[in-house]
Amino acid sequence: EIVLSDDIPDDDIPHDLADIPRKQAADWNILGSPCGISAEKRVQALSECLASGIHKCSLIAQLEDTHVAFSLLRSCASYGLAVYYMRTVPPCSEFGRFDDAVRQCFSTIVVATNDATWTQATLPIRRGGFGLRPTNTFAPVAFTASSLAAERHLPLLLTTQHLTTSLSSAHDPSVAQAMEAEVLAPFPAARHDLVRTSQTPADMPQKLQRCITHSIEDVISSSLIAPLPTADKARISSCCASGSSMWLSLPMLAHTASPPWLTNPQFAVLSRARLGLDVASDAQLCNICRRYEADTRGDHSLCCLHGGVRTLLHHRVVDCLFRHCSTALMNPAREAHPFTSSPTQRADIVLRRQVRRTTAIDVAVTFPLRLGAPVSAAAETPGGAATLYENVKWHEYGEAASRANIDFVPFVFDTFGAIGSSAWPLLRSIFRCAAQRRGISRVVATQSGLLDLNVHPVRDAGRRSRGRYVFSYGVET
């Protein structure tokens, strides 16, 4: 359908389009989006449209279950709720007001934020954030990309003689104003890409909005991480590792073996640790070893080697991995002795498959913020600390596995949920076989399997002791 505003002069309308319905500028509202009204009334109309989202935020903040509340906030009452209006309405201050409501809700259900922690929270989960994109920052990108994409469809609706320059988005003042929006000032490369694309729309890439949104997020992430100390860089880098944040994104809920929801204390500890905040009000004697002081960030509790908590969490990972190997019909055996040259050595799991060589798996947990090589490796590469710790396992089991003519796989988790690089080929093989057996797609099997490996160990990661949370394994896992 083509709709013309009544404020277009009759001389500018081609003769054979004269019969097209005309709308008054004051009531031009298409699919709930206030498109054709004055700027002042448009802001008022948009405020009414976003009021439902702000009301949802206030209702979500009243929920008692924080994990459920956050999932609803991220999926139903933040960026996803407003993106349609971002694409159809020129940028205005109402998007900033909507972002304030989202931030207030997040501060209520998760943790109070300052500017730095909120910036991290607005990053995608894959970049160590919480996936709460700010609509005010990305509204100019969404509106410009939508206008340029819509212009491509004009030749399908209008004949060549009707495609006048006045219908071009390059001559639309609202598009020009969006590209010059103040919120784009810190991102000159993104603004340049928008201007260049508006001048040559034929060269517009596919999914322009996504491309420029990702480039802006790259800049935000780099500016956030650059001034941080090495330990905080390692923390965010580990949170960016593949599969480390399944407890937060919760994909493929319908295919999980059991509900993956965390308790309020567990979710609070994991969220604060992800943001680099204190998990305790003051330092006190470690409840695990009873020897050293446990700091407020929980770093000592994570790397403490005393007590049975660490062993319990190691066994939790082994249990999850064994269950998935069984589902994939890989004939797993626990605590077996597959090394003929070293009968006393045993692996956590041994896979005796008919079509492939026997595979020995040894599970380990490491702390990426440990001073020295681990923290440097974690800061440089997501999962770097886990990959580095694999060398310890190779030194311990590699020669014995080679003499026994079997494959050896070190399965190393770090305490932010990152998995070492050597484990990924094995995981892909497990999930591929599981998908074939269950009759589901490989993507579903992989996502649900990683969610199970990620969420279940974390349920044992936080425990309350003397009014504080002590966790010695998975801040992320």
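No donor-acceptor pair closer than 3.5 Å links the side chain of Ser245 to the backbone N or O of Leu248. Checked by atom type and distance alone, the side chain of Arg437 never pairs as donor or acceptor with a backbone atom of Ala328 at under 3.5 Å. Listed for the Glu180 side chain is no donor-acceptor partner under 3.5 Å among the backbone atoms of Gln177. With hydrogens and angles ignored, the 3.5 Å screen pairs a side-chain donor or acceptor of Asp99 with a backbone N or O of Thr135. In terms of modelled atom types and a separation under 3.5 Å, the side chain of Thr387 and the main chain of Ser421 share a donor-acceptor contact. In terms of modelled atom types and a separation under 3.5 Å, the side chain of Asp362 and the main chain of Ala347 share no donor-acceptor contact. One N or O on the side chain of Ser244 and one on the backbone of Ser238 form a donor-acceptor pair closer than 3.5 Å. For the pair Arg191 (side chain) and Ala181 (backbone), a donor-acceptor distance under 3.5 Å is present. A donor-acceptor pair is defined here as one N or O able to donate and one able to accept, closer than 3.5 Å; such a pair exists between the side chain of Ser448 and the backbone of Ala445. In terms of modelled atom types and a separation under 3.5 Å, the side chain of Ser237 and the main chain of Ala378 share a donor-acceptor contact.
The shortest distance between side-chain heavy atoms of Leu132 and Trp118 falls below 4.5 Å. In this structure, Phe367 and Asp414 have side chains that are not in contact, with every pair of non-hydrogen atoms separated by 4.5 Å or more. Between Thr296 and Val279, every side-chain heavy-atom pair lies at or beyond the 4.5 Å cut-off. Between Thr137 and Phe187 there is a side-chain heavy-atom pair separated by less than 4.5 Å. Side-chain contact between Leu72 and Leu59: absent, with no pair of heavy atoms (C-beta onward) separated by less than 4.5 Å. Annotation: side chain of Leu250 is in contact with side chain of Ser71 (closest heavy-atom distance under 4.5 Å). Proximity of Val89 to Phe143: side-chain heavy atoms (C-beta onward) are nowhere separated by under 4.5 Å. Proximity of Leu184 to Val141: side-chain heavy atoms (C-beta onward) are separated by under 4.5 Å at one or more points.
For the atom pair Thr117 OG1 and Phe106 CZ, the distance stands at 7.5 Å (nearest 0.5 Å). Distance CD/Gln104 to CD1/Ile109: 11.0 Å, rounded to 0.5 Å. Separation of atoms OG1 (Thr119) and CG (Leu275) is listed at 11.0 Å; rounding is to 0.5 Å. A distance of 8.5 Å separates OG1 in Thr122 from CG in Leu224, rounded to the nearest 0.5 Å. Between atom CG of residue Leu329 and atom CD1 of residue Ile430 there is a gap of 12.0 Å, rounded to the nearest 0.5 Å. Here the CZ-OG distance, from Phe130 to Ser78, works out to 13.0 Å after rounding to the nearest 0.5 Å.
Between Arg126 and Glu217 there is a salt bridge, with a side-chain nitrogen of the basic residue lying less than 4.0 Å from a carboxylate oxygen of the acidic one. Salt bridge present: Glu94 and Arg97 bring a charged side-chain N and a carboxylate O closer than 4.0 Å.
Closest approach of Phe98 to Ala82, counting heavy atoms only: CE2-CB, 3.9 Å. Gly243 and Asn454 get closest at one heavy-atom pair: O-ND2, 3.4 Å. Among all heavy-atom pairs drawn from Leu81 and Cys76, the shortest one is CD1-O, 3.2 Å. When all heavy atoms of Ala435 and Ser441 are compared, the pair lying nearest together is CB-O, 3.7 Å. Closest approach of Leu148 and Leu208 over heavy atoms only: CD1-CD2, 3.9 Å. Heavy-atom minimum distance, Thr415 versus Pro368: OG1-CD, 3.0 Å.
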Next item on the list: Go through Met86 and Tyr79 one step at a time and tell me if the side chain to side chain contact (heavy atoms under 4.5 Å, CB included) criterion holds.
Entry: CA-CA 9 Å; Met86 293 164 58; Tyr79 184 87; 3.5 Å; yes

Next item on the list: Starting from the C-alpha separation in whole Å, work towards a yes-or-no answer on side chain to side chain contact (heavy atoms under 4.5 Å, CB included) for Ile419 and Val412.
Entry: CA-CA 6 Å; Ile419 303 174; Val412 183; over 6 Å; no

Next item on the list: May I have the step-by-step check of side chain to side chain donor-acceptor pair (under 3.5 Å) for His314 and Asp348, ending in yes or no?
Entry: CA-CA 10 Å; His314 167 273; Asp348 289 318; 3.3 Å; yes

Next item on the list: Carefully, step by step, assess Ser107 and Val111 under the rule side chain to side chain contact (heavy atoms under 4.5 Å, CB included).
Entry: CA-CA 5 Å; Ser107 299; Val111 62; over 6 Å; no

Next item on the list: Report the C-alpha separation of His324 and Phe431 in whole Å, then their side-chain angles, then the decisive distance to 0.1 Å, and conclude whether the side chain to side chain contact (heavy atoms under 4.5 Å, CB included) test is met.
Entry: CA-CA 8 Å; His324 287 285; Phe431 297 143; 4.2 Å; yes

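Side-chain polar atoms of Ser215 and Asp218 form no donor-acceptor pair below 3.5 angstrom. Side-chain atoms of Thr113 and Arg103 form a donor-acceptor pair, as typed in the model, at a separation below 3.5 Å. Looking only at atom types and distance, the side chain of His67 has no donor-acceptor partner in the side chain of Asn264 under 3.5 Å away.
No more than 12 heavy-atom neighbours from other residues, nucleotides or ligands sit within 6.0 angstrom of CZ on Arg442. Under a cut-off of 6.0 angstrom, the local environment of NE2 in His214 is crowded, with over 12 non-hydrogen atoms contributed by other residues, nucleotides or ligands. Around atom CD of Glu182, no more than 12 heavy atoms belonging to other residues, nucleotides or ligands sit under 6.0 Å away.
Remark: Arg334 is positioned above the aromatic ring of Phe322, its terminal NZ or CZ atom under 6.0 angstrom from the ring centre and at most 45 degrees off the axis.
Using bins of under 30°, 30° to 60° and over 60° for the plane-to-plane angle, the ring pair Phe70/Phe267 lands in the tilted bin.
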Could you pull out every donor-acceptor pair under 3.5 Å between side chains of residues 226-235 and any protein atom, sequence neighbours left out?
from   : atom 1 : to     : atom 2 : distance (Å)
Asp232 : OD1    : Arg235 : NE     : 3.3
Asp232 : OD1    : Arg235 : NH2    : 3.3
Asp232 : OD1    : Arg297 : NH2    : 3.1
Arg235 : NH1    : Gln120 : OE1    : 3.4
Arg235 : NH1    : Arg274 : O      : 2.7

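Phe138 and Phe95 have their aromatic ring centers separated by at least 6.0 angstrom.
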